[in-house]
Amino acid sequence: AEMQAFQVAFLKMLGFIKQPFIITSYGVDIMTAREVGYGFRLKPLLNIVIRFILKKSSKHVIVGKSMKSFALDAGSAQGKIIEINNAVPLARKEISEEKSSQILEKFKINSEDTVLFSLSGLRPLKGLEYLIKALPKIIREFPKTKLILVGKSDEYETYIRTLVASLGLDKNVDFVGFITDDDEKVVLLRRADIFCKPSVLEACSIAILEAMREGVVVVASVPGGID
């Protein structure tokens, strides 16, 4: 979606679209984290195109204050930048006790478990290796700790699974794949004792906002977009 906006802007520059245009950035288009290979601007050609388009835009919307320095570095201008933060609906979803129990049973969560929940997805940007490496210390204090990891990937998931196995944490970490049922996500958030977000970089985390809405304690790293 982010690159589609730049494609439209590129057509504008070529004269196919006559109206002034506004670019909205959500993260990967302007933010970079070189250590994990994150960001379109790490590719020289894309960096040039993005810079040129931002200079031609009428306004540039960013979804978090941490993005401002990246926006300026990418070619935007102080007077163009407008911050409109990500948001989530505040109304809490009604889910019956029976359905909640069925969902917890599906994910094999017991009442005595200490549940850590990560909704970040399995990507290097999300820093899950730091959470995994901290887990043995947590388990020493709370032996029935269960970490639920949502998402799937190839190389990074293999790395995380290997790390889990090497630390003897197979019984404490559940890889549950993608969760497409919103009720399941909400029930797991509400059951979680702690929502974990060890990201290397964030623009403005919707997952954290969802966890806060459900009253869950959030433990997170403090890159831009979280602090």
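Bear in mind the structure is a predicted one, so any value in this text is a computation, not a measurement.
- Summarising the local packing, CG of Asn110 is surrounded by more than 12 heavy atoms from other residues, nucleotides or ligands at distances under 6.0 Å.
- Inter-residue side-chain proximity for Met31 and Ser66 is flagged as met; some heavy-atom pair is nearer than 4.5 Å.
- The nearest pair of heavy atoms linking Asp113 to Asp193 is O-OD2, 3.7 Å.
- Between the side chain of Asn172 and the backbone N or O of Thr145, at least one donor-acceptor pair lies under 3.5 Å.
- A single hydrophobic cluster is not seen to contain both Leu46 and Leu42; linkage of ILVMFWY side chains at heavy-atom distances under 4.5 Å, directly or through other members, places them apart.
- Between Pro124 and Val36, the shortest heavy-atom distance links the atoms O-CG1, 3.8 Å.
- Taken to the nearest 0.5 Å, the CZ atom of Phe70 stands 11.0 Å off from the CD1 atom of Ile62.
- Within 6.0 Å of the CD atom in Glu98, the count of heavy atoms belonging to other residues, nucleotides or ligands does not exceed 12.
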For the pair Asp174 and Lys108, evaluate salt bridge (charged side-chain N to carboxylate O under 4.0 Å, His left out) and give the outcome as yes or no after the intermediate values. CA-CA 10 Å; Asp174 284 347; Lys108 300 177 182 178; over 6 Å; no

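- Environment of CD in Glu35: crowded, with over 12 heavy atoms of neighbouring residues, nucleotides or ligands closer than 6.0 Å.
- Taking both residues in full, the closest heavy atoms of Asp170 and Ala165 are given as OD2-CA, 3.5 Å, listed atom of the first, atom of the second, then distance.
- Each of Leu104, Ile95, Val216 was checked for a side-chain contact (heavy atoms from CB on, under 4.5 Å) with Arg190, and the lone residue meeting it is Ile95.
- Considering CD1 of Ile53 and OG of Ser76, their distance stands at 12.5 Å, rounded to 0.5 Å.
- Val200 and Leu131 are assigned to two separate hydrophobic clusters, defined by single-linkage of ILVMFWY side chains at heavy-atom distances under 4.5 Å.
- Under a 4.0 Å N-O distance rule, the pair Arg161/Glu157 qualifies as a salt bridge.
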Could you walk me through whether Asp154 and Lys152 pass the salt bridge (charged side-chain N to carboxylate O under 4.0 Å, His left out) test, one step at a time? CA-CA 7 Å; Asp154 295 321; Lys152 288 190 73 65; over 6 Å; no

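- Partner of Leu135 under the side-chain contact (heavy atoms from CB on, under 4.5 Å) criterion, out of Leu163, Val164, Val173: Val173 alone.
- Between Gly64 and Asn85, the shortest heavy-atom distance links the atoms CA-ND2, 3.5 Å.
- Here the side chain of Lys59 pairs a donor or acceptor atom with the backbone of Gly79 at under 3.5 angstrom.
- The residue from Lys185, Lys93, Lys197 that alone fulfils the salt bridge (Lys or Arg N to Asp or Glu O under 4.0 Å) condition with Glu210 is Lys185.
- Nearest heavy-atom pair, Ser199 versus Ser221, reported as atom, atom and distance to 0.1 Å: O-OG, 2.6 Å.
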Begin with the C-alpha distance, continue with both residues' side-chain angles, and end with the deciding distance and a verdict on salt bridge (charged side-chain N to carboxylate O under 4.0 Å, His left out) for Glu202 and Lys126. CA-CA 9 Å; Glu202 288 284 342; Lys126 301 306 181 179; 2.7 Å; yes

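- Note that NZ of Lys68 is 12.0 Å distant from NE2 of His60, once rounded to the nearest 0.5 Å.
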